[in-house]
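Below, read A as the first sequence line, B as the second, and so on, with proteins coming before strands; counting in each chain starts at 1. Below, all heavy atoms of this structure are taken into account, side chains as well, without hydrogens, waters or symmetry copies.
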Amino acid sequence: MITFHAKNIQRFHSKRLILDLDLHFTNAGLHVILGPNGCGKTTLLRLLALLDTPDKGEILLSANGNAITPNLKTRQNIVLVPRPDGLFNHSVHQNVEYGLKLRNITKTHRLKRVQKVLEAVRLTHLSRSNALRLSSGEKQRLCMAMAIAVKPDVILLDEPTSSLDPHNSHQVEQIIIQLKKENRMLILVTHNISQARRLADTVTFMGTDTKVSQNPAREFFTTFDQDGLDGYL
Amino acid sequence: MITFHAKNIQRFHSKRLILDLDLHFTNAGLHVILGPNGCGKTTLLRLLALLDTPDKGEILLSANGNAITPNLKTRQNIVLVPRPDGLFNHSVHQNVEYGLKLRNITKTHRLKRVQKVLEAVRLTHLSRSNALRLSSGEKQRLCMAMAIAVKPDVILLDEPTSSLDPHNSHQVEQIIIQLKKENRMLILVTHNISQARRLADTVTFMGTDTKVSQNPAREFFTTFDQDGLDGYL
Amino acid sequence: MLTNTLNKAFLLIVHLDADLLEIVFLSLRVTCVGILIATILGLGLTLLLEIRKIPGQGLIIPILNTLTGLPPVVLGLLLYVVLSRSGPLGFLGLLYTPTAMVIAQTILATPIVAALSHAAITATGQPVRDTARGLGATEFQALLAVFGDARYAIMAAVAAAFGRVMAEVGAVLMVGGNIAHHTRVMTTAIAMEADKGDFELAIALGIILLSLSFLVNAALYAFQRMGRK
Amino acid sequence: MLTNTLNKAFLLIVHLDADLLEIVFLSLRVTCVGILIATILGLGLTLLLEIRKIPGQGLIIPILNTLTGLPPVVLGLLLYVVLSRSGPLGFLGLLYTPTAMVIAQTILATPIVAALSHAAITATGQPVRDTARGLGATEFQALLAVFGDARYAIMAAVAAAFGRVMAEVGAVLMVGGNIAHHTRVMTTAIAMEADKGDFELAIALGIILLSLSFLVNAALYAFQRMGRK
Amino acid sequence: DTIKCASTTSTQNSGLLDYLLPIFTAETGIDVQVIAVGTGAALKLGQKGDVDVVLVHAEELEKQLVEEGFFIDREAIMYNDFVILGPKNNPAGITGTDKVIDAFKKIREAGSNFVSRGDNSGTNMKENRIWAGTGQMPDRGNKWYLSVGQGMAKTLRIAAEKQAYTISDRATWYSIEDQDKLDLAIVLEGDPSLFNQYGVMIVNPNKHPHVDYRSSMNFVIWLTSPAGQQAIAAFRDKLGNVLFTPNAGQ
Ligand SMILES: Nc1ncnc2c1ncn2[C@@H]1O[C@H](COP(=O)(O)OP(=O)(O)OP(=O)(O)O)[C@@H](O)[C@H]1O
Ligand SMILES: Nc1ncnc2c1ncn2[C@@H]1O[C@H](COP(=O)(O)OP(=O)(O)OP(=O)(O)O)[C@@H](O)[C@H]1O
Ligand SMILES: [Mg+2]
Ligand SMILES: [Mg+2]
């Protein structure tokens, strides 16, 4: 199991300091990141996914104590769940297949895998339709499918249920719970506190003043109204 | 106070029947509309706002029993809160001022009103900045301000807090509660059940099969898990 | 030889050679008038398309789009046939006058302005329009709001059209005739002087034309960036 | 008279007049080759711009954008000076050959292809790129994904360039010389035949050129609509 | 082989070359590519070495350029004549018996429009010599003097549209397909000073080694040979007019 150490990382956007923290993510299970709009959650997630590199500091990866180099193989083991607006202008099937192609999986195995995953997210009937024409709920499920298909150890999710109805959110949560069972490591950004309560093993709270707290979920939710969440809730 | 009667209205999109219902909205207070993605909530809201006209049936307006013609004056009394992606590429101040200009309010009065409203939504410090450059939370508050500024009797809101953090959602909810106090009529579309619980006076539930139920909020939330919400929750 | 010619060309520019200036100003005059009319027509058309679903609506936009590709020489040929003394509008005696050139450039520019603004407006217009109408604007007021909101995109469209017609030679030569002191513009003069092997003036004009169209395109690019993403 | 000429023109087309066909095919050959090269260069450039932030990156795109407005006559003049026997590349003996015309059209088309594809990709590329990289694609693989995703926009860019250069007359006349059976293309032929008063051929060519550029623009329009909104 | 020949618009527009060249090519297998421009431009192309051979009509200038060593082997091949055309209503009142000089004077006095090639073509040079003969060149001040820098055919069109006088070689005037629709008529012809000699010469290979001298010389030889001369004499336009009279070696 991979361990993340965001070591004194800083991130700037047009000279403005967006992010400045030192964080660890260890162990399988679901780690929720909470924080006000604009506090840098998406930015952090992109850094953890090795999509961007910090302007200061670095992301250190290790597996049971031994450092791992962030090579392609490592990166392919850490997946950021796509956002609906990032779906490919291709069929649902092709969208799921993409990640498998990247891993040079043979056509036949790809086919099997795609079908299996599409069933898991209940999109089999739409496998031929263009991904951009799906409904918001279907799109989000497709995004999950694309990540699951490649069986990564680490899955990063950025607000996977915002603007989904309770039913669709529930289905997505079911998929997430399934992934927890397969004891992968999940890092989830959400604004939905009750969702966080339902799913979180640990909670990382990011304040706007780049102050960060990290606690076991139970502890966080039983004590949140005290310490400085600067009026987040 | 205006009363809405959506009389046997139907709405089609590319030949597909999207909406088919007969509904009343009466009395001041907050009427929540719930329903799965794609059930037609936004479509309905646009019809009530007289932005679109139904393909079949009609929207009948009346004030204490007497029918009102949906002329410009009436329409200006029924406001659909803008969506963040519909903000004008102008300053915050100009965005709020727009609705007032439409009502031929004198410059001096406009100025006063805009300042007052911007204070109410706590955006005074940003009044000169371009609306498109605001954060998601600020944008949503600006949208509310634009609607409030023109003091309509009826305010229609479509998912005003989706993708907002609890803090920002809270602020928006505070604004909504304030409007309830001023006993206006509000019609709110949301996917956030607990929000609905907090705010609703009545709940309208729209099923995908164009089956619609309308109940007082308390009744709805005490009995919803029984009758056919076709797996909505 | 080349450097020598270049020097001469620069001298022509810095000394504001009379012929040179005359040609440049005529170009600008013709193009500005043409673009002005084209903008009015183009935006008017766009407005019209947005106001009411006219019958054949579905056709007009594709047609506009294809008209943006109208080959200048074909237009020149057409106008020649129509405007020549033996043609239907011959009695106007417009052929080989600046007016004829303005007409040609207007016809070339109008579809460009219309198509580009329409594209810009349909791309980002709906939400803005809803905002306006949701706040109680009439259809027309809402439309004005959309146009105001898309102002940069529209300016970009106009700039694009300006650059295209100012740099065009086929049509203006066929209907203008490149008459000295009368209908001789930058593009036609460059082509002619190059033929005559008189490169000073040609290069001088080339430099000016190039600078102008770079200016226009820089403006265009700036406008595009100011607009909403 | 006009109808009469029109009839004759149509006859030329339906009887596939030899000269007519020769001119049309040469036009298509020159433009197709030019566009092919321009597409390779243009897309290559776009790819390059996306792969690594090169020094001066910030300048290249504005420059590309302004180059899309390069006046054909200026390019013609430039190429003439360079390709003429007395010019630096005179020894190649390219002036007044189809090759020279291809070069001209390539130079005109490349910035159009590059600028339009780049715009399309920066407009919609980032989310798609993130999707690919988030799933473990290399920078380059992600880029290919973006290009694949923007395929319609790219096709539209190519079509736009095709229409522009096929309809252009200034540059091809200056570097081609409108030599019968050798460098005479539709646009140059139309201009000449109109002068000679041979309107049958001029109009026949006009009709064909018009139809072709309408086809191209129709394709362009279709591509644009197939792309992501 | 292939040679490039810079020629006047008159020889091209009149159809003469379209008629001659296939015959030449058939006999010699040499392909001639024609770039039709004004004589001035044609000579420039020759001096730059962008063509192998030029076929123009500006006798003095041609001889001078041979002197200066830009061209060699100049041969006279044929002649026709210039004509003065003008609006059918002939506002300047030019009569057929006028001398050209007087005709031009009348045009200036009447301030009637006059369209000039203005492109250093042979015709343009001839025109300028005539104006010079009247003792005063037209200048910017003369609004009636329209300089267009275009080929002969377009110049004639502009003259027709502007109801202006102009000077043209007879061949081009006859070659205008819709001549009847151009509201122009010949107002003066036959003045000896309107004689128009065409010559051919080869770009000096010493200046421009790439010139295909063999083929070019073959072209010159053929044009001046009985075969070529007869072909020129036999050439008729659509209306059966004789447009050029061969006079090689005379
Ligand atoms: N490309 C960018 N250019 C400039 N500023 C940016 C850019 N991306 C993000 N920012 C800024 O960085 C800050 C953090 O952005 P980020 O998206 O990480 O916040 P977030 O916590 O994800 O917010 P939300 O909860 O609304 O998604 C914000 O102030 C945002 O305005
Ligand atoms: N412009 C349109 N063209 C075609 N179909 C449309 C259009 N707008 C909406 N629809 C369809 O109409 C149905 C209702 O759309 P609507 O946006 O009203 O649903 P909704 O209840 O607001 O969904 P959500 O909760 O996701 O906002 C959906 O199936 C949608 O796909
Ligand atoms: Mg975010
Ligand atoms: Mg909706």
**Message:** Under a 4.5 Å cutoff for heavy-atom pairs, which residue among C/Asp195, C/Leu70, C/Ile190 has the most contacts with chain D?
**Reply:** C/Ile190

**Asked** Side chains of D/Thr31 and D/Gln105: do they bring a donor and an acceptor to under 3.5 Å?
**Response** yes

**Prompt:** Which atom pair, heavy atoms only, marks the closest approach of D/Gly42 to D/Thr110?
**Reply:** N-CG2, 3.8 Å

**Heavy-atom pairs under 4.5 Å with chain C, option from D/Leu77, D/Leu78, D/Val216 with the top count** = D/Leu77

**Asked** So, D/Arg164 side chain and D/Thr68 main chain: donor-acceptor pair closer than 3.5 Å or not?
**Response** yes

**Fill in**
Checked D/Leu205, D/Leu220, D/Thr188, D/Leu209 vs chain C; the most non-hydrogen pairs under 4.5 Å come from D/Leu209

**Item:** Engaged part of D/Phe214 at the chain C interface, taking heavy atoms whose separation is under 4.5 Å
**Value:** both

**Fill in**
Of the listed D/Val169, D/Leu67, D/Val73, the one with the largest count of heavy-atom pairs under 4.5 Å with chain C is D/Val73

**Asked** Side chain of D/Ser211, backbone of D/Ile207: donor and acceptor closer than 3.5 Å?
**Response** yes

**Asked** With chain D, which of C/Pro71, C/Ala167, C/Gly76 has the greatest number of heavy-atom pairs at distances under 4.5 Å?
**Response** C/Pro71

**Prompt:** When the ring planes of C/Phe223 and C/Tyr152 are compared, do they come out parallel, tilted or perpendicular, using 30° and 60° as the limits?
**Reply:** parallel

